[in-house]
Amino acid sequence: MNKADLIRELEGRLGSRKAATVALEGVFDIILRQVAKGGKVSITGCGAFDRAERAARTGRNPRTGASFRIPKSKAPRFRAAQAFKDYTKKPSTLPKAGPVAVRAS
């Protein structure tokens, strides 16, 4: 499943493609900005997005055997919640999907 597929699935629950796109883009934007600032986003039952800080280290070229310095780096990380892991092992335990509650304007 890719982003377009997610939007199609949300469209069925939210009623319009535009609302689904805005909702999905908004969630991605919030997660991306928070993690980029060094924060953590936890979604109960799903998992947590955060930033992994990797220390500088020495690497080795497998072809020549020469060692070289790898600088410290930062990378996004996702850790699945236990419920997510359990559903992956036993999909039959997933709760029934229902329509998303839409707030009246």
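All of these numbers come straight from a predicted model, not from anything done at the bench. In this chain, residues are counted from 1 in sequence order. All values below come from the heavy atoms of this structure, side chains included, with hydrogens, waters and symmetry mates left out.
Using a 4.5 Å heavy-atom threshold, the side chains of Leu10 and Leu24 count as touching.
Sorted by first then second residue, the salt bridge (charged side-chain N to carboxylate O under 4.0 Å, His left out) pairs that include residues 46-70, not counting sequence neighbours, are Asp50-Arg77, Asp50-Arg79, Arg51-Glu53. Screening residues 3-23 for ring pair (Phe, Tyr, Trp, His ring centres under 6.0 Å) gives no qualifying pairs among residues at least two apart or on separate chains. Listed by first and then second residue, the salt bridge (charged side-chain N to carboxylate O under 4.0 Å, His left out) pairs that reach into residues 22-39 are Lys3-Glu25, Asp29-Arg33, sequence neighbours excluded. Residue pairs satisfying the ring pair (Phe, Tyr, Trp, His ring centres under 6.0 Å) criterion with at least one member in residues 63-83, sequence neighbours excluded, are listed as follows: Phe49-Phe78. Identified under the ring pair (Phe, Tyr, Trp, His ring centres under 6.0 Å) test for residues 24-44, with sequence neighbours left out: none.
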N/O donor-acceptor pairs under 3.5 Å from side chains in residues 15-22, not counting sequence neighbours:
| from | atom 1 | to | atom 2 | distance (Å) |
| --- | --- | --- | --- | --- |
| Ser16 | OG | Ala19 | N | 3.0 |
| Arg17 | NH1 | Glu11 | OE1 | 2.7 |
| Thr21 | OG1 | Arg17 | O | 2.9 |

Which side-chain N or O atoms in residues 80-87 pair as donor and acceptor under 3.5 Å with protein atoms at least two apart or in another chain?
| from | atom 1 | to | atom 2 | distance (Å) |
| --- | --- | --- | --- | --- |
| Gln82 | NE2 | Asp86 | OD1 | 3.0 |

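Using a 4.5 Å cut-off between side-chain heavy atoms of Ile, Leu, Val, Met, Phe, Trp and Tyr, with links allowed through other members, Ile43 and Ile30 fall into different hydrophobic clusters.
Partners of Glu9 according to the side chain to side chain donor-acceptor pair (under 3.5 Å) rule, which considers only residues two or more places apart in sequence or in another chain, do not exist here. When the side chain to side chain contact (heavy atoms under 4.5 Å, CB included) test is applied to Thr44, no partner is found at least two apart in sequence or on another chain. Residues passing the side chain to side chain donor-acceptor pair (under 3.5 Å) test with Asp5 are Arg8, sequence neighbours excluded.
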